[in-house]
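Below is one structure; the comments refer to it alone.
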Amino acid sequence: MERIKKRKKLDVSYERKSVPVSLIDADSALTDWDKKTLKTRSAYFMLNGAPEFAVNEKEDGRFRLLALDVDFYAVKFSGLKEVTVRIYRFTDDNAEIFSIVERLKTEKLGAMDEAYLMKRLTSEFSLTQDDVASLIGISRPAVANTLRLLTLDGEVVGLIESGKLSAGHARTLVRVPKEKQLVFAQEAIKRGYNVREMERTVKAYLTPPEILQKENEAKAQARGAQLKAFVERMRFVYRTKVSLIGNEKKGRIYIDYYAPEDLYRFEELLDIIERFQNE
């Protein structure tokens, strides 16, 4: 009988209380954050109140901030002396896991930053992709797709980090040989490809010509069958001969009539269509 692997869970019970800002320690430094951003968020907090922070209790009576560092420094910048916190009592490893998960859930991160953090969860803490997905609250394929970005060529990763290439575009390059990925990325940027166009370009490169030809022929046959079915519908509705010359892009449709009654019937159909359009 196959054993079911239990997913990683954290004891997330906490105590809520107000504590002095001076007792909270952040992993980052004030100089890590843009001053303009801090001033803007500080002004917002002065008008609307500070957010609630997650902290881990330390043995010396101080607290380690687990997420939202930029908001914490903005609060300090505003001059507030106390904030409401959720106090957790994690082990060091679980505190780090919780901190990473909170960042992934609450902070606006770039695609590569998300990938680096997820990689830490799987490599440093031996979490599975299912564990990561469950803790963050997203699907396992979403985790897998994000982690795949780490397999890309370093220069392509640089394009993602600089914002020149989207994560969606980059994911299409995972199956492309590394030595070719940068060429595809630069071409996509130059030509302004959307993700769908990028996918088609990559597929055309990876698919053997004979298979690609068969797929195109199959698509053409399917479109031909749809046109044929459309003509048959017209013949049934108009109760006369209908001919089509052309393809799905352009062509001509011929409707034959053999008596005045045919024309009267066509006119009645047009009257019905016009009444429908004018309703």
Side-chain angles (χ1 to χ4, degrees), residues 111 114 129 133 137-149 151-153 156 159-160 163-279:
E114 290 182 347
Q129 291 184 10
I138 59 177
S139 67
R140 192 203 63 78
V143 173
N145 285 335
T146 300
L147 288 172
R148 287 191 185 103
L149 295 176
T151 67
L152 294 170
D153 173 77
V156 175
L159 292 174
I160 303 170
K164 294 179 180 178
L165 189 72
S166 77
H169 286 83
R171 289 189 189 98
T172 67
L173 299 176
V174 170
R175 295 185 298 137
V176 175
K178 257 190 177 179
E179 63 273 14
K180 298 289 186 182
Q181 290 175 356
L182 181 60
V183 175
F184 275 89
Q186 291 174 331
E187 187 71 6
I189 295 170
K190 178 182 177 181
R191 295 182 178 274
Y193 286 159
N194 59 37
V195 174
R196 185 63 59 86
E197 289 169 333
M198 187 80 160
E199 288 174 344
R200 285 198 293 264
T201 302
V202 169
K203 181 179 179 180
Y205 173 76
L206 295 174
T207 306
E210 61 275 12
I211 294 180
L212 197 60
Q213 182 179 353
K214 288 182 179 179
E215 289 182 353
N216 290 335
E217 289 174 353
K219 289 179 182 178
Q221 290 177 358
R223 290 193 293 267
Q226 290 174 347
L227 278 176
K228 184 178 179 181
F230 175 64
V231 171
E232 289 298 327
R233 285 180 62 198
M234 293 183 69
R235 288 173 180 166
F236 177 78
V237 172
Y238 295 145
R239 288 181 288 175
T240 188
K241 181 180 178 181
V242 178
S243 305
L244 181 145
I245 298 175
N247 53 38
E248 75 281 357
K249 293 182 179 179
K250 63 179 180 179
R252 294 180 181 177
I253 296 175
Y254 296 91
I255 303 174
D256 293 353
Y257 63 94
Y258 302 95
E261 289 78 10
D262 292 333
L263 289 175
Y264 298 150
R265 188 167 62 254
F266 299 160
E267 186 176 12
E268 288 176 351
L269 290 170
L270 284 173
D271 288 341
I272 293 172
I273 294 171
E274 287 178 343
R275 285 199 299 272
F276 177 79
Q277 289 177 334
N278 293 329
E279 285 181 356

(request) Only counting residues at least two apart or in another chain, list the ones meeting side-chain contact (heavy atoms from CB on, under 4.5 Å) with Ser139. (result) Pro141, Ala142
(message) Using the ring-ring contact (aromatic ring centres under 6.0 Å, His included) criterion, which residues pair with Tyr257? Sequence neighbours excluded.
(response) none
(message) Test of understanding: with side-chain contact (heavy atoms from CB on, under 4.5 Å), list the residues that count as partners of Gln129, not counting sequence neighbours.
(response) Arg140, Val143, Ala144, Leu147
(message) Quick check on Tyr258: does its OH atom have over 12 non-hydrogen neighbours (other residues, nucleotides or ligands) under 6.0 Å away?
(response) yes
(message) By the salt bridge (charged side-chain N to carboxylate O under 4.0 Å, His left out) test, which pairs, at least two apart or in different chains, include something from residues 181-202?
(response) Glu187-Arg191, Arg196-Glu199
(request) From the options Leu159, Val202, Val176, select the one residue that forms a side chain to side chain contact (heavy atoms under 4.5 Å, CB included) with Gln181. (result) Val176
(request) Not counting sequence neighbours, which residues clear salt bridge (Lys or Arg N to Asp or Glu O under 4.0 Å) with Arg265? List them please. (result) Asp262
(request) Enter the distance from Glu261:CD to Phe266:CZ here, rounded to the nearest 0.5 Å. (result) 11.5 Å
(request) May I have all residue pairs that pass salt bridge (charged side-chain N to carboxylate O under 4.0 Å, His left out) and include part of residues 173-184, sequence neighbours excluded? (result) none
(message) Looking at every heavy atom in both Ala188 and Met198, which two are closest together, and how far apart are they?
(response) CB-SD, 3.3 Å
(request) Only counting residues at least two apart or in another chain, list the ones meeting side-chain contact (heavy atoms from CB on, under 4.5 Å) with Arg252. (result) Tyr254
N/O donor-acceptor pairs under 3.5 Å from side chains in residues 163-174, not counting sequence neighbours:
residue : atom : partner : partner atom : Å
Ser166  : OG   : Gly168  : N            : 3.4
Ser166  : OG   : His169  : N            : 3.1
Ser166  : OG   : His169  : ND1          : 2.5
His169  : NE2  : Tyr193  : O            : 2.7
Arg171  : NE   : Asn145  : O            : 3.4
Thr172  : OG1  : His169  : O            : 2.6

(message) Show, in sequence, the C-alpha distance, side-chain angles and deciding distance for Val231 and Lys228, and conclude whether the side chain to side chain contact (heavy atoms under 4.5 Å, CB included) test is met.
(response) CA-CA 5 Å; Val231 171; Lys228 184 178 179 181; 5.9 Å; no
(request) With sequence neighbours left out, write down each residue that passes salt bridge (Lys or Arg N to Asp or Glu O under 4.0 Å) with Arg235, or none if nothing qualifies. (result) Glu232
(request) Using the test side-chain contact (heavy atoms from CB on, under 4.5 Å), find all partners of Ile253 that sit at least two apart in sequence or belong to another chain. (result) Phe230, Met234, Val242, Leu244, Ile255
